[in-house]
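What follows is a short report on a single structure.
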Amino acid sequence: MPITDNGSGQEAADERQMKVSIIGTGYVGLVTGVVLADMGNDVLSCDKDADKVAKLRQGIPPIYEPGVEEILKRTLSDGFFKVTDSVAEATKHGDVVFIAVGTPPGPDGTPDLTAVKAVAHEIAKNIDKYTIVVNKSTVPVGSGDMVENIILEQGVPKSLFDVVSNPEFLREGSAIWDTRNPDRIVIGAKNREAAVRLLELYAPLEAPNIITDLNSAELIKYASNSFLALKISFINAVSRVCELCGADVNDVAKGMGTDQRIGKQFLQAGLGWGGSCFPKDVEGLVKVAQNLGYDFEMLKAAQAVNRDQVCHFMDRVERRLGGFQGKTVALLGLAFKPNTDDIRDAKSLDIIETLLKGGATVRAFDPVAMDNVKEVFPHVNYVDHVYETAEGADCLILVTEWNEFKQLDLDRVGKSMKGKILFDGRRCFSKQVAERAGFDYYTIGS
Ligand code: UDX
């Protein structure tokens, strides 16, 4: 649909408006939905969980993500965003139907496509006009074909739909910004016209686009996330060499990153990568490659470095404390990274497990993720205020680099502690400031 100048902003917006359905209200589905609605599209969001649907209708997002609640409330009251629990209704509504359901790792690490398949079946049963079915979930190569076959097997004529892959690259914590300011829009399709039609939905974002085949688009997502994870594992491996030779990994990363071919981003050494994407997608690509007959050793090495990073860090803590038995250790930050309450594959979980097994008492604070960790580890002392975290502790560990921790008065923190030992897992504090406050300061990569 061309964007024409008809003299009225509202009319232009109406002309641009597309009917969009989004199945799945996780990070990808919900954020994509509210951003597209905020751009003036007629969005129907769908989730089979009746509780989530009821909350969304009241403007309560089922996930913690800065900015989502405000846009959700605005687009609900504008009428651009609606919610249903019926895939049938969603299929009938959308000219474009996004599949954005979870693809969690199965027992052997291969992504579990049960939810994608179920949605494809439901879409097939309810298609009654030409529809572009868009796979936004991260799926192994070949899944676009799989979705197409499921729909064809239900007797839907080929002319009534196209399957398109449109992977999402948003990061938790900055998901709204990332969705509005993508580095690129990737669209994979057999039918180029369908790809171009979907591109019109994103036209207002003015982002570079890559139109390719289905398999390549699916692989772009896995390869991008795996490469970023590889980059972090690389700098973490360099951090180990730095510790052994007395170099400083921050300076090394700065020196490397200034070479534009390498780039500055994702060279922050720390406890390793976690979250819902990198661990799953790296393992997913290893498995995809394995199933195709290729042993992706480079990625397996990145995984091994990542596993070892937190073990090595905790060995250092244990050695410094002379064992964990009877010690009190305080943790600052529990989420897998700042600005999210997501604790999937968070390093805090490994650290708490190591400490509890070793006989330590654990105190912890996180601005938003404590309730989630409480469900996994009920026997940790969770505190309400950041300055209570280290009270009476032998050692303080910075696990997640929330901004509010960077401003902490370390004098005040130190005075509340039994021992003044600070292990900084994210290079969040300055060594000089920590030492001035009387801490024995240890970090990663120097
Ligand atoms: C990632 C991708 O960035 C995003 O494009 C994709 O769509 C989903 O997966 P996300 O998992 O939300 O996003 O977080 P991200 O900011 O990429 O961080 C991932 C992990 O890497 C975190 O555990 C973070 O602490 C770690 N990290 C990141 C580092 O250790 N060092 C860095 O320099 C950057």
Side-chain angles (χ1 to χ4, degrees), residues 26-32 63-66 68 100 102-103 111 136-139 165-179 181-186 207 217-218 220-239 249-250 252-254 256-257 262-285 302-303 305-310 313 333-351 366 369 398-403 405 424-428 443-445:
Y27 285 95
V28 170
L30 182 59
V31 173
T32 306
I63 51 162
Y64 172 86
E65 179 63 35
V68 166
T103 52
K136 232 180 183 8
S137 302
T138 302
V139 286
S165 165
N166 173 218
E168 181 53 61
F169 300 98
L170 60 81
R171 291 164 297 179
E172 289 178 27
S174 54
I176 296 285
W177 197 92
D178 287 346
T179 306
N181 302 277
D183 284 340
R184 74 293 204 196
I185 305 285
V186 174
E218 287 166 351
I220 285 169
K221 171 71 189 226
Y222 275 108
S224 299
N225 275 355
S226 295
F227 190 81
L228 290 169
L230 197 66
K231 198 173 176 189
I232 301 167
S233 276
F234 184 86
I235 199 66
N236 282 338
V238 170
S239 81
V249 75
N250 267 11
V252 176
K254 203 168 163 192
M256 284 171 63
I262 297 175
K264 291 183 181 144
Q265 293 188 55
F266 282 68
L267 277 182
Q268 177 64 48
L271 288 165
W273 34 272
S276 67
C277 290
F278 285 177
K280 181 169 80 76
D281 294 353
V282 173
E283 182 62 16
L285 185 49
Q303 291 176 310
V305 169
N306 201 47
R307 278 193 297 271
D308 193 41
Q309 193 69 356
V310 80
F313 183 78
L334 299 169
F336 89 90
K337 68 171 193 174
N339 301 319
T340 179
D341 66 349
D342 196 340
I343 59 158
R344 284 176 285 180
D345 266 301
K347 299 301 157 189
S348 60
L349 306 180
D350 300 332
I351 290 174
D366 186 283
L398 183 292
V399 185
T400 314
E401 69 279 29
W402 283 88
N403 260 338
F405 298 160
D424 183 349
R426 298 285 177 184
R427 299 190 61 112
C428 175
T443 192
I444 282 168

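All ligand and atom numbering here is 1-based and tracks the order in the structure.
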Looking at residues at least two apart in the chain, or sitting in another chain, which of them share a side-chain contact (heavy atoms from CB on, under 4.5 Å) with Q268?
-> N250, R427

Side chain to side chain donor-acceptor pair (under 3.5 Å) between D366 and W402: does it pass, once the steps are laid out?
-> CA-CA 9 Å; D366 186 283; W402 283 88; 3.0 Å; yes

Who pairs with F313 by ring pair (Phe, Tyr, Trp, His ring centres under 6.0 Å), at least two apart in sequence or on another chain?
-> F423

Is the shortest heavy-atom distance from the side chain of E172 to the side chain of I63 under 4.5 Å?
-> no

Residues which pass side-chain contact (heavy atoms from CB on, under 4.5 Å) with V68, listed by chain and number, not counting sequence neighbours | L30, V31, P61, E65, I176

Ordered by chain then number, the protein residues lying under 4.0 Å from ligand 1 by heavy atom are E168, F169, L170, R171, E172, K221, N225, I232, F266, L267, Q268, G272, W273, G274, C277, F278, F336, K337, R426

Atom OH of Y64: over 12 foreign heavy atoms under 6.0 Å | yes

